[in-house]
Trainee: 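First, the structure itself, so that you have it in front of you.
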Amino acid sequence: LATFLPSISGYTLQGEPETMDMDMSGVKYTNATAKYKNGDKQITVSMFDYNYISGLSGAYTAMMNMNMETNEESWHSEKIGGFPAWSDWKKKDNEGSIGVVVNDRIFVITEGHGGVSQDELKSAASSINFGGLAGAAK
């Protein structure tokens with residue numbers, strides 16, 4: 001998965017991506033996480049591939065079909081890279097996350113903190129090669 005971690009315009013990768021591969025009695029789990037900085041702004045991209053994830057994705061299916069707006073939070077379902085996604089933005093904290101589910105198998109979570117704008121977060125999430133991930137998730 002680490003090969004699918006993006007380069008984010010205006011941000012510098014902080015160290016090497018963290019990766020893990022596990023196989024236990026036929027259950028396979030892989031993840032890759034990279035952290036990026038631009039001054040105080042931070043973006044983290046995490047990818048999780050779990051061969052039994054479709055059984056766990058039911059809770060996220062509901063979130064991917066929800067839209068909510070309050071004084072403090074904005075939650076919207078959308079499509080990113082052609083895949084179902086959700087965007088959660090904390091207005092007062094000026095931080096949020098975007099989650100994308102690729103082929104009911106790979107979760108991609110992009111998180112922003114420290115003053116990242118919604119546009120920067122969406123741009124970072126959109127810079128991921130979701131087509132390549134989909135091909136790898138077969």
Trainee: Working to the nearest 0.5 Å, report the span between CD of E120 and OG1 of T110.
Mentor: 13.0 Å

Trainee: Around atom CG of D40, are there more than 12 heavy atoms from other residues, nucleotides or ligands closer than 6.0 Å?
Mentor: no

Trainee: Treating Y11 as the side-chain partner and A124 as the backbone partner, does any N or O pair qualify as donor plus acceptor under 3.5 Å?
Mentor: no

Trainee: I'd like to know whether I43 forms a side chain to side chain contact (heavy atoms under 4.5 Å, CB included) with K41, so could you lay out the CA-CA distance, the side-chain angles of the two residues, the decisive distance to 0.1 Å, and finally the verdict.
Mentor: CA-CA 7 Å; I43 293 177; K41 297 189 244 181; over 6 Å; no

Trainee: Between Y36 and P6, what is the shortest heavy-atom contact and its length?
Mentor: OH-O, 2.6 Å

Trainee: Does N31 form a side chain to side chain contact (heavy atoms under 4.5 Å, CB included) with S46? I'd like the steps, not just the answer.
Mentor: CA-CA 7 Å; N31 79 315; S46 301; over 6 Å; no

Trainee: Quick one, I109 with F48, criterion side chain to side chain contact (heavy atoms under 4.5 Å, CB included). Give me CA distance, side-chain angles, the key distance, then yes/no.
Mentor: CA-CA 9 Å; I109 308 294; F48 307 93; 4.1 Å; yes

Trainee: Sub-3.5 Å donor-acceptor pair from the side chain of D49 to the main-chain atoms of I106, do we have one?
Mentor: no

Trainee: How close do K35 and T44 get, heavy atom to heavy atom, and via which atoms?
Mentor: CG-OG1, 3.8 Å

Trainee: Going from CD1 on I98 to CG on D88, what distance comes out if it is rounded to the nearest 0.5 angstrom?
Mentor: 10.0 Å

Trainee: If only atom types and distance count, is the side chain of S126 paired as donor or acceptor with the main-chain N or O of K122 below 3.5 Å?
Mentor: yes

Trainee: Between OG of S9 and CG of N38, what distance do you get to the nearest 0.5 Å?
Mentor: 9.5 Å

Trainee: Applying side chain to side chain contact (heavy atoms under 4.5 Å, CB included), run through T30 and M22 and close with a yes or a no.
Mentor: CA-CA 6 Å; T30 303; M22 181 186 80; over 6 Å; no

Trainee: Output the distance between atom CD1 (I8) and atom CG (L13), rounded to the nearest 0.5 Å.
Mentor: 8.5 Å

Trainee: Identify the two heavy atoms, one from E78 and one from S87, that lie closest to each other, and give their separation to 0.1 Å.
Mentor: OE2-CB, 3.3 Å

Trainee: Which atom names give the shortest non-hydrogen contact between E111 and S97, and what distance separates them?
Mentor: CG-CB, 4.0 Å

Trainee: Please check if atom CD in E69 has more than 12 non-hydrogen atoms from other residues, nucleotides or ligands closer than 6.0 Å.
Mentor: yes

Trainee: Is the shortest distance from a Lys or Arg side-chain nitrogen in E73 or K92 to a carboxylate oxygen in the other one below 4.0 Å?
Mentor: no

Trainee: Identify, with sequence neighbours excluded, every residue that meets side chain to side chain donor-acceptor pair (under 3.5 Å) alongside N129.
Mentor: none

Trainee: Between F83 and A134, what is the shortest heavy-atom contact and its length?
Mentor: CZ-CB, 3.6 Å

Trainee: Measure across A32 and L1 and return the closest heavy-atom pair with its distance rounded to 0.1 Å.
Mentor: CB-CB, 3.8 Å

Trainee: Parallel under 30°, tilted from 30 to 60°, perpendicular over 60°: which one fits the rings of W75 and W86?
Mentor: parallel

Trainee: Donor-acceptor check, side chain of D21 to backbone of Y29, threshold 3.5 angstrom: yes or no?
Mentor: no

Trainee: Rounded to the nearest 0.5 Å, what's the gap from NZ on K91 to OG on S74? Could you check?
Mentor: 5.5 Å

Trainee: Regarding H113 and Q42, is there a side-chain donor-to-acceptor distance under 3.5 Å anywhere?
Mentor: no

Trainee: Quick one: pull up NZ in K37 and OG1 in T12 and give me the separation to the nearest 0.5 Å.
Mentor: 10.0 Å

